[in-house]
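This report refers to the structure that appears directly beneath it.
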Amino acid sequence: MTRLLPMAGTALALLLAASQAQASGCIAATPGTSLSADEAAAVYDCLKDILLNGYRQGDKRWIPADYVEDYRSWSPASRYPAFSEAHGGRHLVTYVNEIGAADYLRFDESETEMPVGALLAAESFSVDDRGRAQPGPLFLMEKVERGRSPQTGDWFYMAVAPNGSPMVMDVISSCSACHQSRFGQRGGLGYPPAEARAQPVSASGSQPE
Ligand code: HEC
């Protein structure tokens, strides 16, 4: 019996790899990781429906299904899908919900205490060395009540695979350790790279320039 377990594990890993490496049919103008902003935006246009339909498939189990249903109606926090080495060499498109928008979209470098109920979603895709785009996970963060998860800075981290399955992971080592060590001084927030950020919202709510 026990000899079957490693095999089952391998089969599962292959299945996961296969489901994550599904060909999207979207091809980037530049292969690899150095797409221009416009090229990355074009890939995202092609992938938009594929990503959303994939994330929406199946039961979300411990992840509230409405996060996945609703995130596209939140405020975009990035202007184009910027490359993120930290997220497995993928391009990220970030959204923030209404509760979190005013604070997140200031992209404040100092201590930011996000309001309870703030939600962030980052869709992702990768481009291989032949230019083929592949859907990546939907990364989610939720700010919870102070003291509810002190080890993670009171953030819940979640991820949905491209085929809609909630991803089982140790959120401390897979997510929080990096966010806390690199961005602990600004509330655990990574923010898109400066050039990819949506127009910042000032404290008065008006937009600069
Ligand atoms: C090695 C470091 C690292 C790890 C591990 C990591 N992240 Fe991130 N995360 C970042 C960085 C850097 C950003 C800024 C976005 C970018 O680079 O485009 C970010 C951004 C995000 C965002 C957008 C909100 C923000 O902080 O600006 C979400 C949501 C997110 N990560 C969730 C996750 C989840 C869920 C995991 C675990 C599965 C995870 N991250 C693992 C570094 C990391």
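One-based numbering, in listed order, for ligands and for the atoms of each.
Contacts with ligand 1 closer than 4.0 Å are made by no heavy atom of Glu85, backbone or side chain. Contacts with ligand 1 closer than 4.0 Å are made by backbone heavy atoms (N, CA, C, O) of Leu140 only, the side chain lying farther away.
Between the choices Pro137, Ser176, Ala196, Ser174, the shortest heavy-atom distance to atom 5 (C) of ligand 1 belongs to Ser174. For atom 3 (C) of ligand 1, the nearest non-hydrogen atom from the set Pro81, Cys178, Ala177 comes from Cys178.
Of all protein heavy atoms, the one lying nearest to atom 14 (C) of ligand 1 is Tyr191 O, 3.1 Å. Considering only non-hydrogen protein atoms, atom 21 (C) of ligand 1 sits nearest to His179 CE1, 3.4 Å. Of the protein's non-hydrogen atoms, Met141 SD, 4.0 Å is the one closest to atom 22 (C) of ligand 1. Remark: minimum distance from atom 17 (O) of ligand 1 to any protein heavy atom is reached at Ser84 OG, 3.3 Å. The protein non-hydrogen atom at the shortest distance from atom 38 (C) of ligand 1 is Cys175 SG, 2.7 Å. Of all protein heavy atoms, the one closest to atom 13 (C) of ligand 1 is Gly190 CA, 3.8 Å. Regarding atom 42 (C) of ligand 1, its nearest protein heavy-atom neighbour is Ala86 CB, 3.4 Å. Atom 23 (C) of ligand 1 has Thr94 CG2, 3.8 Å as its closest protein atom, hydrogens excluded (heavy atom only).
When atom types are taken as modelled, the side chain of Trp155 and the backbone of Gly187 share a donor-acceptor pair closer than 3.5 angstrom. Listed for the Asp154 side chain is no donor-acceptor partner under 3.5 Å among the backbone atoms of Val144. A donor-acceptor distance shorter than 3.5 angstrom exists from the side chain of Asn97 to the backbone of Gly100, with no hydrogens or angles considered. A donor-acceptor pair under 3.5 Å is absent between the side-chain atoms of Arg197 and the main chain of Ser78, judged by distance alone. Between the side chain of Arg186 and the backbone N or O of Thr112, no donor-acceptor pair lies under 3.5 Å.
Asn163 and Ser165 share a donor-acceptor pair across their side chains, judged by distance under 3.5 Å alone.
The Met158 neighbourhood of ligand 1 comprises atoms 35 (C), with distances under 4.0 Å to a heavy atom of that residue. Within the listing of ligand 1, atoms 38 (C) sit less than 4.0 angstrom from a heavy atom of Met169. Close approach of ligand 1 to Leu189 is summarised as follows: ligand atoms under 4.0 Å from at least one heavy atom of the residue are 26 (O). Distances below 4.0 Å separate heavy atoms of Leu92 from the following atoms of ligand 1: 15 (C), 16 (C), 18 (O). Near Pro193, with a cut-off below 4.0 Å to any heavy atom, the atoms of ligand 1 are 18 (O).
Residue contact check for ligand 1: Met167 places no non-hydrogen atom closer than 4.0 Å to it. At least one heavy atom of Tyr104 sits closer than 4.0 Å to an atom of ligand 1.
Both Ile50 and Val127 are assigned to one and the same hydrophobic cluster, defined by single-linkage of ILVMFWY side chains at heavy-atom distances under 4.5 Å. Tracing side-chain contacts under 4.5 Å through hydrophobic residues (I, L, V, M, F, W, Y), one reaches Leu189 starting from Phe107; they form part of the same cluster. Under a hydrophobic clustering in which Ile, Leu, Val, Met, Phe, Trp and Tyr are joined whenever their side-chain heavy atoms come within less than 4.5 Å, directly or via other members, Met114 and Ile99 fall into different clusters.
Of all the N, O or S atoms in His87, the one closest to atom 8 (Fe) of ligand 1 is NE2.
Of all the heavy atoms in Glu123 and Tyr95, the pair that sits closest is OE1-CE1, 3.3 Å.
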From CA spacing to verdict: ring pair (Phe, Tyr, Trp, His ring centres under 6.0 Å), Tyr157, Phe139: CA-CA 8 Å; Tyr157 289 84; Phe139 299 97; over 10 Å; no
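A salt bridge links Arg106 with Asp103: the distance from a Lys NZ or Arg NE/NH1/NH2 to an Asp or Glu carboxylate oxygen falls below 4.0 Å.
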